[in-house]
Structures are given as C-alpha cells and as structure tokens.
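For reference, the structure discussed in these notes is given below.
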Amino acid sequence: MLYLYDGALDVPNILKTWYEAEASSNYGAYIPFVGTVRDESQIEGLSFDIYEPILKSWFITWEQKAKEKGAIIKMAHSRGDVMLHESSYIAAVFSPKRRVALEFIDAFVEDFKASAPIWKYDLKNGKRIYASDRSTALNGSGILGVKK
Amino acid sequence: MLYLYDGALDVPNILKTWYEAEASSNYGAYIPFVGTVRDESQIEGLSFDIYEPILKSWFITWEQKAKEKGAIIKMAHSRGDVMLHESSYIAAVFSPKRRVALEFIDAFVEDFKASAPIWKYDLKNGKRIYASDRSTALNGSGILGVKK
Amino acid sequence: MVKVEFLGPIQKEPLELEITNLKQLADILQKDEELAQWLENSAVAVNDTLVRSLDFELKENDKISLLPPVCGG
Amino acid sequence: MVKVEFLGPIQKEPLELEITNLKQLADILQKDEELAQWLENSAVAVNDTLVRSLDFELKENDKISLLPPVCGG
C-alpha cells in the first residue's frame, strides 16, 4: 500500500501500524527504510510535490515485483513542507526470508530515487527552491529537446 | 547499543525509542531489520541461548565498523522463548546517507547470522530441540576435532 | 485538442493545443524560451504513461505531462 | 588449572583440568564419546576470545569455551 501525507510523517506510528497489520501474515523479515531531513546547506526544511497518477502506477509495478518474490511492500511519503529532523519517506518490505527482504529494500529504494515522480525543494529564508543539483532526469527524458 | 530481552521483543516500542533517540543526530537514513518467528515445521515457537561476553565483543567490532562509515548501529535480541509471529531480533543502522545504510544493514545482518554466539531451538510438543539444520559453524570451528 | 501540463518546478500554466503527434508538440515547445532548460531533461507522459519516442500519435483529449528531474525521499 | 565450559546445546557440565595448552585439551575431549559430534563443528574461545589454532598456551585460571554452530535472529 502507498500512503501520502501532508507534512511530516509520524514514523513510530506508521512503523507500528505496518508491523501490526502483517503480524499474522507469516513474514519472517520486515525492513523499513526511513528518510529524514538533514540539517545541511542552511536549509530550514524540504518541500515536496508529487504527481500521484504516475507514482501510483510506478508503485503498482513494484508491488507486482514483490509478489513474484513472495514479498509485499508499503510506502509512505510527505507532500508539502517537512522541517529539519522530520521524516518524509518510509519504504518497507516484508518477506518470508531475509535475503529477499535485504535485496528488495535496496532495489526498491534506489528505483524510487531514480523513478518516482516527486520533486524536492529546499526551504531557505522562507522560499521554496527546486533542488536541481540533487535531482535525476527520468529514463527517456529529453525527447522534446532540440536534436543535435 | 545492544539490548537483550527475556522473551519476545516489543517491536513498535523499540523502533520508536531508537528513532526518537536519534531524532536530532542528523542521520538521513534509518533502516531497522526485524526478524519474526514464522509458523513452519509444526513448531510452537523458537527459543534462544545467548553467550553474552562474545556477543558483546562481536557487537563492539561492528560499532567500530559503523563509526568508520559515519554510521551507528543498534541491536535487540530475545533470550528464551519467542512464540509464533512474535519477534526475536532487531538490527538497525542510522547513517547520514542512504547507500551506507543500505549496504551496512545487509553486511551487519549477514555477519550476525554467521558469527553471533546465539543458539536456536525449535519448540515442539513442549520440548526444546536444537535447530542444528539451520545452524552455522563459526569460523575456525573444528580445531579440537580428530585430525584426518 | 490535447492538454499539456507542466509538473513540479516548471512554472508554466497548462496549454491546450490542436496537435496529433509529439513531433508537433516538440516544434511548438522549442519556440518557448522559458522551456528551453526543461525540454532537454524532462520526460514525457501521455495519459500518465511515460513515452520514450516522439513517434507517438495523439488522440483527442489526450493529456500530456512534462516531468522534470525528480528527487523523492 | 583451567575451566572448560560447553555452550548452547552441548549438554555437559563444566570441567576443571590441569592442562597448559589446547593440544592437551583436544586429547582429553577426544576421549569423550558424547563430545565427538561437537568437536568437529565447534569453535573454541579462551577468555572469551575465539582462537583459530591449537598452538595456544594456557595460563592458570583461563576460561575455555566450546561454541557449537550458531543461529541467531
């Protein structure tokens, strides 16, 4: 399941809810990845835009990949502003055995970073500044550009 | 830090306590691995013996490895009986950036499985049966055996 | 008519255009100087599916989205 | 005198032995039929540090531990 929230995530509550939801599903391994806003570059926080239709279809393809491994995934992400030391992202995998879970969380988080249609902004002096230096062009980008 | 508990772990509470303890430490990534007892082979649960002196020194070497990467680790494990769908093991890493955390949790959990001086028993019909089929000889085992 | 929307940091109102393929869209958007920096590094979705080639025919009411570089998490 | 303890599933009471190296320990334990299955796959620690070789001198009051195959988690 995919959960989007306005503002920072309530990490303890989300981790607990997911754990309890699968308590009887007979998964031996549960690995959440929690992403937290770091105090760096004099930012006050981060802000996020999400394009939900494509995020949802991207997530569904990962649910299918998980299912093929006997695993399930869950993800939570913030919309809008998330301040320093607050968390904006949780991805989690549950699987019967540990190797699948350890490999899946890595591949899932990395593809999220490369493919999820989410845009990040630094909050500085009350302004919202696109984090272009940390952003990655999606696969297939540039087709509308001038042919060289 | 290393935490040993009698019986099953209170997973939501441990994940929350660790998250909150590092809330202002400026780590961008937090990855806990939670191990839960699966319903398989007609067991009623598992039981664990721990040899604490060597577990503690093993853990300290991993704390040092984490420190060299700018990361920290935490671990919780059960002593004694843990019943079906209860959890017996949590390992966690906090690091500034995601790649270190994703690689570290994998290496840490795998070495735990190979090296931590903990013995597992199946609980079946009220008896405690050593899980020899799932156990791994420590590095350097066999030196007292008959030379062939 | 198709609708073109600009996502995330691209500060531009949606367009409604009478075009039938993505090559025509490229020709139109390349004339917009504000968009020059974005066309080179944005992906294109038609009806919320990413497309990898300009050889793509458009139908009436298609929704085209431009997705600039992403950074979730 | 040194103390020898058997960890985890090895069901055996601790021993106190008058020995000065691990070769002597191997000779003694190999005569114990109950231990045959464990000597081949157990690791040895002296004062809680694993040792990898029988070429190891023992001191008075050393604690020797036998660690059979492990399975945490």
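Just so we're on the same page: letters track the sequence lines, and every chain starts at 1.
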Next item on the list: Could you have a look at A/Gly145, A/Ser141, A/Gly140 and say which one has the most heavy-atom pairs with chain C under 4.5 angstrom?
Entry: A/Ser141

Check: Should we count NZ of A/Lys16 as having more than 12 external heavy atoms under 6.0 Å?
Finding: no

Check: From C/Leu67 CG over to A/Ser115 OG, what is the distance, rounded to the nearest 0.5 angstrom?
Finding: 11.5 Å

Check: Which atoms of C/Leu29 come close to chain A, meaning under 4.5 Å heavy atom to heavy atom: side chain ones, backbone ones, both, or neither?
Finding: side chain

Note to self: Quick check on A/Gln64: does its CD atom have over 12 non-hydrogen neighbours (other residues, nucleotides or ligands) under 6.0 Å away?
What the structure shows: yes

Note to self: Does any backbone or side-chain atom of C/Leu66 lie under 4.5 Å from a heavy atom of chain A? Answer side chain, backbone, both or neither.
What the structure shows: side chain

Next item on the list: Answer yes or no: does atom NZ of A/Lys124 have more than 12 heavy-atom neighbours from other residues, nucleotides or ligands under 6.0 Å?
Entry: yes

Note to self: Out of C/Gly73, C/Ala43, C/Gly8, C/Ala26, return the one with the most heavy atom pairs under 4.5 angstrom to chain A.
What the structure shows: C/Gly73

Check: Does A/Lys113 NZ have over 12 foreign heavy atoms under 6.0 Å away?
Finding: yes

Check: Side chain, backbone, both or neither: which part of A/Ala114 has a heavy atom under 4.5 Å from chain C?
Finding: backbone

Check: Which heavy-atom pair separates A/Ala137 from C/Pro69 by the least distance, and what is that distance?
Finding: N-CB, 3.7 Å

Margin query: Is there a side-chain contact between A/Ile54 and C/Asp48 in this structure, where contact means two heavy atoms from C-beta onward sitting under 4.5 Å apart?
Written below: yes

Next item on the list: Would you mind checking which part of A/Ser88 comes under 4.5 Å of any heavy atom in chain C, side chain (CB onward), backbone (N, CA, C, O), both or neither?
Entry: side chain

Checklist line | Side chain / backbone / both / neither for C/Ser65 at chain A, heavy atoms under 4.5 Å | finding: side chain

Item checked: chain A contact via C/Gln37 - side chain, backbone, both or neither, heavy atoms under 4.5 Å -> neither

Margin query: Does any backbone or side-chain atom of A/Tyr121 lie under 4.5 Å from a heavy atom of chain C? Answer side chain, backbone, both or neither.
Written below: side chain

Next item on the list: Heavy atoms only, distances under 4.5 angstrom: which of C/Asn41, C/Leu39, C/Val70 has the most pairs with chain A? Name it, please.
Entry: C/Val70

Check: Is the shortest heavy-atom distance from the side chain of A/Ile143 to the side chain of C/Val51 under 4.5 Å?
Finding: yes

Note to self: Using only atom types and a distance under 3.5 Å, with no angle test, would you say the side chain of A/Trp119 pairs donor to acceptor with the backbone of C/Cys71?
What the structure shows: no

